[in-house]
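Single-structure report; data block below.
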Amino acid sequence: VRTLAELVRFPSVSAQPAHRQDVGACAAWLVRHLARIGLVRARLVPTPTGGPPVVIADGPRGADAPRVLLYGHYDVQPADPRDGWSDPPFAAVIRGDELRGRGASDDKGQLFAHLAAIESWLATEGRLPVNLRCVFEGEEEIGSPGLLALLRTNPDLFAAEAAIISDMPMVGPDRPALTYAVRGLVGAEVTISRATGELHAGLHGGAVADPVLAACRMAAALRDPDGRITLPEFYARVKAVGPAERAALAQVARLGGGPGSGDDGAGEPSFTALERTTIRPALTITGIAGGSVGADGKAAIARAATLRFDLRLVPDQEPRTIMRSLARHCAAFATPGLRVRFVPGAAAAPLVLSREGAALAAAGRAYTRAFGRAPLWRRSSGTVPVAAALHDRGVTPVLAGFALPDDHIHGPDERLHLPTFFRAIETSLALWEELGAGHAATWQAPPPAEARP
Ligand SMILES: [Zn+2]
């Protein structure tokens, strides 16, 4: 835990250029740690996009053992102490049975549970039951651009039968879970600006176009009062989910795996809160800016207004089609007096995995050994771009997280529940053994139950 706290103390915020050095220092720390626990060829691999490097290290080679990637990310979301943190976000202090700090759960704690187990294997057995390659990226919180580019330019780095991805919650402290679906993502930022700049609201109000009002209308027109997204054809490819799977989701929600306090009844009324955040797509305006307020307020028609969109997609929606449709919606708000600039952001395809195959079965047995209980199957509301990208290249993603629903990830007072962390280490100890027990030749996963685009 002391060593993990060292890792959490790096403010490795990938979204903020001011933290660029901290991100680099965190990567360098990981390389040293990986070498120290006995992994070989621990190194920094630059990405084609010039962002933070990918940390790669290998286990000792064993003939006849499956090749397994261990994926994690060492970057974190921004953390502003003024957002209501009880302790400084990068102090990594222990409160009761929790380690507090940005990244303690997402994803440094989950990543480190595996490293503790690997260290133990190497110290006691001098080997690992699989041919392991660690791949830790520093840009997950900004959409993984560098890692995804590296996957395209250097696919051999990622050649493996399976990839262990521990960057998601379980259902509860005693309820381990395997994740079999993640939502896709379309992000974009659009700026509406006046061709002739700011104007006096009294002299010109009523005669000229108002970018803030146009931005409000642009946003408001995207959702009807029932929470349905109004982009044309938006639901055309959304797959219906059958009653058996909906019943299983209801069971997960009853056990605490739903959005919990994040449910205030908004959204499509014919779906439960967990369904609205997993099997249904969503649109969020994550930011809006324009004009002036408070002490800086001016009686002026603003020069510009900006909106930031976040859409989550489900099978079989296609990010490219949705991005185009969103861009068309925004462009329609251009007038002789208003320019619209649409900047596409991150895009990722939704993914539904087969719930069969040797790698997932091995993970299921590992959870059962550590928690005394078989894992539940859950769908994630979030997006893991690397999972779909690896899946496309024939690597079976195993989405086996250790976070808890109330770890406050991305929020103030993020915490890692230490008793769960210790069981995560036990799970990882068993996982490598279970993965190695199956023969590589039997690893070809069957095609997904639900085909993806
Ligand atoms: Zn994460």
Side-chain angles (χ1 to χ4, degrees), residues 4 7-8 10-16 19 22-23 26-27 30 47 51-55 69-79 89-90 92 99-115 134-148 151 163-171 177-185 187 257 259 262 277-278 286 310 312 345-346 348 350-351 378-391 397-417 420-421 424 428:
L4 169 59
L7 178 60
V8 173
F10 288 99
S12 48
V13 181
S14 50
Q16 295 172 339
H19 285 296
D22 300 313
V23 176
C26 187
L30 269 173
T47 71
V54 177
V55 175
L69 302 176
L70 171 62
Y71 164 88
H73 65 89
Y74 62 87
D75 66 322
V76 298
Q77 282 278 316
F90 296 102
L99 175 68
R100 297 284 184 94
R102 169 62 81 232
S105 171
D106 175 18
D107 181 40
K108 290 171 174 173
Q110 296 181 68
L111 174 164
F112 200 82
H114 287 297
L115 295 186
C134 295
V135 176
F136 302 147
E137 66 159 319
E139 292 181 304
E140 195 276 340
E141 303 293 4
I142 53 170
S144 304
L147 185 71
L148 295 176
L151 254 158
I164 305 300
I165 300 177
S166 298
D167 187 16
M168 54 270 311
M170 309 193 305
V171 169
L178 282 164
T179 300
Y180 67 96
V182 295
R183 291 202 287 184
L185 171 68
T277 55
T278 54
T286 56
D310 179 303
R312 299 298 162 135
L351 176 67
R378 68 179 284 279
R379 292 178 77 124
S380 168
S381 325
T383 302
V384 187
V386 70
L390 287 168
H391 185 260
V398 178
L399 307 179
F402 301 111
L404 294 180
D406 56 0
D407 278 352
H408 297 204
I409 67 168
H410 296 201
D413 285 349
E414 180 174 346
R415 75 272 314 267
L416 176 71
H417 184 237
T420 300
F421 172 68
S428 180

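Order of appearance sets the numbers: ligands from 1, and atoms from 1 within every ligand. Just the heavy atoms: all of them, side chains too, but no hydrogens, waters or symmetry mates, feed the values below.
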Keeping the roles fixed (side chain from [X], backbone from [Y]), state whether a donor-acceptor pair exists under 3.5 Å.
X	Y	value
E414	S105	yes
E141	S14	no
R102	G411	yes

Answer key: the N, O or S atom of D167 nearest to the Zn ion (ligand 1) is OD1
Per residue D106, nearest N, O or S atom to the Zn ion (ligand 1) is named OD1
Fit a plane to each ring of F421 and F112, take the angle between them on a 0 to 90° scale, and name the class: parallel (under 30°), tilted (30 to 60°) or perpendicular (over 60°).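 Ring orientation, 0 to 90° scale: parallel.
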Give a yes/no answer: is there an N/O/S atom of E140 under 2.8 Å from the Zn ion (ligand 1)?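 Short answer: no, not a single N, O or S atom is under the cut-off.
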